[in-house]
Protein chains: 2
Amino acid sequence: MENNSIKKGRGRPSKFDPAASLETAMRLFWAHGYEGTSMADLTAAMGINKPSLYATFGSKESLFEKALEKYVSGPIAFVAAALNEPTAYRVVEKLLLESAEFLTAANSPHSCMVNMGALSCSKESEQIKNMLISRRQAFETALTARMQQAHDEGELEAGTNPATLAKYVATVHQGMSIQATSGASQESLLEVARTVLAHWPGKRAN
Amino acid sequence: MENNSIKKGRGRPSKFDPAASLETAMRLFWAHGYEGTSMADLTAAMGINKPSLYATFGSKESLFEKALEKYVSGPIAFVAAALNEPTAYRVVEKLLLESAEFLTAANSPHSCMVNMGALSCSKESEQIKNMLISRRQAFETALTARMQQAHDEGELEAGTNPATLAKYVATVHQGMSIQATSGASQESLLEVARTVLAHWPGKRAN
DNA sequence: TTATTTATTTACCAATCGGTAAATAAATAA
DNA sequence: TTATTTATTTACCGATTGGTAAATAAATAA
């Protein structure tokens with residue numbers, strides 16, 4: 001598609017592509033977080049003026065929300081998809097190995113928008129912070145359910161607590177985000193992931 | 001000491017205690033990070049005016065630096081101290097169990113200033129971000145050396161890479177900070193720590 | 001008492017924050 | 001051509017950012 005001329009609207013045509021602008025916003029928020037990215041940064045990167053941005057996306061908060069939605073269903077869609085792997089081991093394998101690659105990919109911020117978008121922030125941004133906390137908790141809840149299922153199917157060693165196992169994996173996953181932001185190499189993060197897998201308390205494959 | 005009247009100086013006496021103000025700054029930065037804490041927040045919490053703060057601490061950056069120094073040598077002194085434990089297992093045991101308690105202690109921010117002080121921030125604060133990255137890397141380097149020593153002393157299973165093991169532990173440690181900020185309970189973080197210890201690749205005690 | 005020293009308070013600085021009113025430009029409908 | 005619709009640009013809003021100049025208050029030294 002060249003431009004967003006659907007139905008060749010009535011008034012003056014848009015000069016910019018909202019989808020491309022949202023992509024730009026996603027990458028800026030991804031790299032610098034909510035408070036670390038200003039509306040001026042955003043409009044400058046998009047090549048548009050502030051009124052255009054506000055007319056299309058409403059506010060900084062709603063722009064972040066839409067950028068987050070795009071991020072979750074795009075770059076890190078593999079995270080939710082990992083839950084569909086046939087065994088608990090495979091779930092964690094896919095989650096951690098692909099995360100190691102994702103977090104250190106060339107041409108992408110070495111960061112995770114969900115984990116780092118608003119960790120420590122001013123009181124004014126607590127709503128955004130809580131929104132990201134909810135996202136992380138929702139994933140951990142889903143991961144717990146997946147571990148519970150594996151437990152019920154006899155995949156895990158006796159005495160393994162599914163909720164603890166899920167929180168342990170989520171903790172490593174979040175720690176890997178900090179490692180990537182701090183400059184850790186892809187190979188070193190892959191080795192961290194392999195360390196988790198090497199001590200896996202249950203069946204390895206299926 | 002009642003006040004900072006050393007040598008009962010010449011001019012008008014100070015109305016505030018710089019040590020107490022630094023404590024206040026440490027706790028605010030600890031809770032809200034570098035960019036999440038404004039100079040106005042700081043002076044309000046200290047009960048003083050901005051010129052007094054600038055006269056005593058120079059700039060926001062240098063105040064953060066001094067607050068960080070106090071934080072490292074005070075609340076989280078146990079982290080460096082853990083390296084002195086007699087075995088690698090004990091080192092990690094102390095590090096992770098005490099961190100779980102520290103990160104969820106009552107009357108303290110459920111956060112870690114070194115890990116979260118400036119994770120994703122604007123370009124203007126990159127110097128602070130890099131300062132914290134250096135702190136984390138210095139600890140990981142020391143932890144690697146400690147694991148190497150344990151390896152040389154035959155404590156670790158054959159095939160265990162000391163650097164990988166140290167990065168794995170550091171990753172879990174950093175992940176626990178995000179968990180705590182997100183509301184994880186003390187018991188759940190202790191269980192994460194115990195999960196790491198339960199799969200420890202080497203001798204358990206000494 | 002007077003001068004000097006130091007720390008205070010008050011008032012302000014330019015720059016930036018998120019956000020918007022008003023004017024203008026470019027399209028279609030009549 | 002003229003009216004209407006929509007998106008643009010320009011210019012601005014009050015609040016806040018980190019930081020400071022100038023005036024004032026409280027102590028000691030002379």
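Proteins get letters first, then strands, A, B, ... in listed order; numbering begins at 1 in each.
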Quiz item: With sugar-phosphate meaning primed atoms plus P, OP1 and OP2, does B:Thr37 contact a base, only sugar-phosphate, or nothing at under 4.0 Å between heavy atoms?
Solution: sugar-phosphate

Quiz item: Side-chain N or O of A:Tyr54 less than 4.0 angstrom from OP1 or OP2 on C:dT20?
Solution: no

Practice problem: Would you classify A:Ser125 as touching base, sugar-phosphate or nothing, given that sugar-phosphate means primed atoms plus P, OP1 and OP2, and contacts are heavy atoms under 4.0 Å? | Solution: nothing

Quiz item: In chain order, what residues pass the side-chain hydrogen bond (donor to acceptor under 3.5 Å, both in side chains) check against B:Asp152, with sequence neighbours excluded?
Solution: B:Gln148

Practice problem: Go through C:dC17, C:dG18, D:dT8 for me and flag the one nearest to the A:Phe16 side chain. | Solution: D:dT8

Quiz item: What is the distance, rounded to the nearest whole Å, between atom CG of B:Asp41 and atom P of D:dT17?
Solution: 6 Å

Quiz item: Tell me, do A:His32 and A:Asp41 make a side-chain contact under 4.5 Å, heavy atoms counted?
Solution: no

Quiz item: Given that B:Pro13 and A:Gly11 both sit by DNA chain D, which one's nearest nucleotide is further toward the 5' end?
Solution: A:Gly11

Quiz item: Could you spell out the base pairing of DNA chain C in dot-bracket, with Watson-Crick or G-U pairs whose two distances are under 3.5 Å, [ ] crossing and | to another strand?
Solution: ||||||||||||||||||||||||||||||

Practice problem: Apply side-chain hydrogen bond (donor to acceptor under 3.5 Å, both in side chains) to B:Ser52 and list each qualifying residue two or more places apart in sequence or on a separate chain. | Solution: none

Self-check item: A:Arg194: partners by salt bridge (charged side-chain N to carboxylate O under 4.0 Å, His left out), with sequence neighbours left out
Solution: A:Glu187

Self-check item: Distance in Å, B:Tyr168 OH paired with B:Leu165 CG, rounded so as to fall on 0.5 Å steps
Solution: 8.5 Å

Exercise. Measure from CG on A:Leu42 to C1' on C:dT16 and round the result to the nearest Å.
Key: 14 Å

Quiz item: What's the shortest heavy-atom distance between A:Leu143 and A:Ala170, and which atoms?
Solution: CD2-N, 4.4 Å

I'd like a table of atom pairs between the protein and nucleotides 14-16 of chain D - only N or O on both sides, under 3.5 Å - with the distance next to each one.
none

Quiz item: Could you give the OH-to-C1' distance, from A:Tyr34 to C:dG18, as a whole number of Å?
Solution: 9 Å

Self-check item: By side-chain contact (heavy atoms from CB on, under 4.5 Å) - contacts of B:Val79 (at least two apart)
Solution: B:Ile76, B:Leu95, B:Phe139

Self-check item: Listed partners of B:Ser134 passing side-chain contact (heavy atoms from CB on, under 4.5 Å), at least two apart
Solution: none

Are any protein N/O atoms closer than 3.5 Å to N/O atoms in nucleotides 9-12 of chain D? If there are, list each pair with its distance.
residue : atom : partner : partner atom : Å
D:dT9   : OP1  : A:Lys15 : NZ           : 2.7
D:dT9   : OP2  : A:Asn49 : OD1          : 2.2
D:dT9   : O5'  : A:Asn49 : OD1          : 3.1

Quiz item: Between B:Glu124 (CD) and D:dG19 (P), how many Å, whole number?
Solution: 12 Å

Can you give me every donor-acceptor pair (side chain of residues 118-128 of chain B, partner residue at least two apart or in another chain, under 3.5 Å) with its distance?
residue  : atom : partner  : partner atom : Å
B:Ser120 : OG   : A:Met116 : O            : 2.7
B:Ser122 : OG   : B:Glu35  : OE2          : 2.5
B:Ser122 : OG   : B:Glu124 : OE1          : 3.0
B:Ser125 : OG   : B:Glu35  : OE2          : 2.5

Quiz item: Taking only residues two or more places apart in sequence, or in another chain, which ones meet A:Gln179 in a side-chain hydrogen bond (donor to acceptor under 3.5 Å, both in side chains)?
Solution: B:Glu140, B:Lys167, B:Gln174

Quiz item: Can you pull the ring-ring contact (aromatic ring centres under 6.0 Å, His included) pairs that have at least one residue in residues 169-193 of chain A, sequence neighbours excluded?
Solution: none

Quiz item: Pairs in or reaching into residues 35-81 of chain A: which pass ring-ring contact (aromatic ring centres under 6.0 Å, His included), with residues at least two apart or in two chains?
Solution: A:Phe29-A:Phe64, A:Trp30-A:Tyr71, A:Tyr34-A:Phe64, A:Phe78-A:Phe102

Quiz prompt | Separation of D:dT17 P from B:Leu63 CG (nearest whole Å) | solution = 15 Å

Quiz item: For the side chain of A:Lys60, counting heavy atoms from C-beta on, which of C:dG18, D:dT17, D:dG18 is nearest?
Solution: C:dG18

Quiz item: Over how many whole Å does the gap from B:Phe57 atom CZ to D:dG18 atom P extend?
Solution: 16 Å

Quiz prompt | Value in whole Å for how far the C1' atom of C:dA7 lies from CG of B:Leu53 | solution = 14 Å

